[in-house]
Amino acid sequence: MESLVLAMVEEPSVCAAARALLGAVVFGHDGVAARITEVEAYDGPDDPASHAYTRTPRSEIMYGPPERLYVYRIHGHHCANVVTSAEGRGSAVLLRAGEILDGHDAARARRGDVVDHLLGRGPGNLAKALGITMADRGTDVRTGPGVVVRRSPPLPAETITAGPRVGVRLAADRPWRYWVSGDPTVSAYRRHARAGESTSPPRRRIQ
DNA sequence: CCTCCGATGTGCT
DNA sequence: GCACATCGGAGGC
């Protein structure tokens, strides 16, 4: 019981990896670049909300080497993740939102005529703005081709906020979503309709 | 083969 | 707040 509590409290390494991706710049297709403002951490077999919770052909790439792109489709949208763990662990970071820095025309051609701060808000919209599709699965984001991630120095901890992950039914209260505090490109929180009860959704400053 | 179901986005009440 | 489009993955039979 005590070990269970400790396991719940202890933060897996993918959470630090997620925070480290805030501020990184993703270079996508057709000259679109985005500064990452919102991410979510997904761990391996210990995280019921993660695709890696069940090891299948789809999630196998999460168990592969780090720095590879894991792309999946949901409800007709693409979502992009970066595998952050050593081979065999199965954790990855979902890129949930970004500020478009360059390639606004190409991004808008894919996303439609929306104001800048909405171009890359939400994981499906961000992937769409960047032109990321299933064809980018497995890309080494250190080298490309197609998609490259340039990491930045860590953001000051006091500029990062954490909260529960968006739209997950299982493990709905783990505060493994991280975003740049107050950034207009960050997506809204939506709790899964069938997620378990929660007295007060955890939200805290990183320190 | 078939059914169920989202790590979503959008629009409407 | 709620409905629903939409489609690949996962699992049951």
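Protein chains get the first letters and strands the later ones, always in sequence-line order, with residue 1 at the start of each.
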Within 45° of the axis and under 6.0 Å from the centre of the six-membered ring of A:Y63, does NZ or CZ of A:R89 qualify?
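No, A:R89 does not lie over the aromatic ring of A:Y63.
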
Take A:R191 and A:D173 through the salt bridge (Lys or Arg N to Asp or Glu O under 4.0 Å) test and state the conclusion after the steps.
CA-CA 9 Å; A:R191 190 174 179 84; A:D173 294 321; 3.1 Å; yes

Got a sec, which residues hit salt bridge (Lys or Arg N to Asp or Glu O under 4.0 Å) with A:E38, two or more places apart in sequence or on another chain?
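Result, salt bridge (Lys or Arg N to Asp or Glu O under 4.0 Å) vs A:E38: A:R96, A:R177.
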
Does A:R142 have more than 12 heavy atoms from other residues, nucleotides or ligands lying within 6.0 Å of its CZ?
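Counting other residues, nucleotides and ligands, CZ of A:R142 exceeds 12 neighbours.
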
In whole angstrom, what separates [X]'s [atom1] from [N]'s [atom2]?
X: A:E38; N: B:dT8; atom1: CD; atom2: P; result: 10 Å
X: A:L126; N: B:dA7; atom1: CG; atom2: P; result: 18 Å
X: A:R165; N: B:dG6; atom1: CZ; atom2: P; result: 15 Å
X: A:R191; N: B:dT8; atom1: CZ; atom2: P; result: 14 Å
X: A:L118; N: B:dT8; atom1: CG; atom2: P; result: 17 Å
X: A:R121; N: B:dT10; atom1: CZ; atom2: C1'; result: 12 Å
X: A:R177; N: B:dA7; atom1: CZ; atom2: P; result: 15 Å

Proximity to DNA chain B (any heavy atom under 4.0 Å), residues of residues 93-117 of chain A only:
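Heavy-atom contacts with DNA chain B come from A:L94, A:R96, A:R111.
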
Tell me, which of residues 56-84 of chain A have any heavy atom that sits under 4.0 Å from an atom in DNA chain B?
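When residues 56-84 of chain A is checked for heavy atoms under 4.0 Å from DNA chain B, the hits, listed by number, are A:M62, A:Y72, A:I74, A:H75, A:H77, A:N81.
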
Against A:Y70, only a single residue in A:E60, A:H51, A:R137 fulfils side-chain hydrogen bond (donor to acceptor under 3.5 Å, both in side chains); can you say which?
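Of the listed residues A:E60, A:H51, A:R137, the side-chain hydrogen bond (donor to acceptor under 3.5 Å, both in side chains) partner of A:Y70 is A:H51.
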
Under 3.5 Å donor-acceptor, A:R68 side chain and A:V82 backbone
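No; judged by distance alone, with no hydrogens or angles, the pair does not exist.
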
So, the side chain of A:R73 versus the backbone of A:G76: is there a donor-acceptor pair under 3.5 Å, distance only?
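Checking the backbone N and O of A:G76 against the side chain of A:R73, a donor-acceptor pair under 3.5 Å is found.
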
Candidate pair A:T159 and A:S181, rule side chain to side chain donor-acceptor pair (under 3.5 Å), full reasoning
CA-CA 5 Å; A:T159 67; A:S181 310; 5.9 Å; no

Keeping to residues at least two apart or across chains, list the side-chain hydrogen bond (donor to acceptor under 3.5 Å, both in side chains) pairs with something in residues 121-130 of chain A.
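Listed once each, the pairs are A:R111-A:N125.
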
Could you list where the contact with chain A starts and ends along DNA chain C, reading 5' to 3', using a 4.0 Å heavy-atom cut-off?
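Terminal contacting nucleotides, 5' to 3': C:dA5 to C:dG11.
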
With a 3.5 Å cut-off and no angle check, do the side chains of A:H78 and A:D136 form a donor-acceptor pair?
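On atom types as modelled, these side chains do not qualify, holding no pair under 3.5 Å.
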
Using a strict 4.0 Å threshold on nitrogen-to-oxygen distance, state whether A:R19 and A:E11 make a salt bridge.
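Here A:R19 pairs with A:E11 in a salt bridge, since their nearest N and O are under 4.0 Å apart.
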
Sugar-phosphate only, base, or nothing, as touched by A:H51 at under 4.0 Å among non-hydrogen atoms:
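Since a base atom lies under 4.0 Å of A:H51, the category is base.
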
Anything below 3.5 Å on both distances counts as a pair; with that, list the stems of at least three consecutive Watson-Crick or G-U pairs involving DNA chain B.
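Consecutive-pair runs (3 or more) involving DNA chain B: B:1-6 with C:7-12, B:8-12 with C:1-5.
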
Using a 4.5 Å cut-off on heavy atoms from C-beta on, say whether the side chain of A:E99 contacts that of A:P184.
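A side-chain contact under 4.5 Å is absent here.
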
Non-hydrogen side-chain atoms of A:D47 and A:Y53 separated by less than 4.5 Å:
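No, side chains not in contact.
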
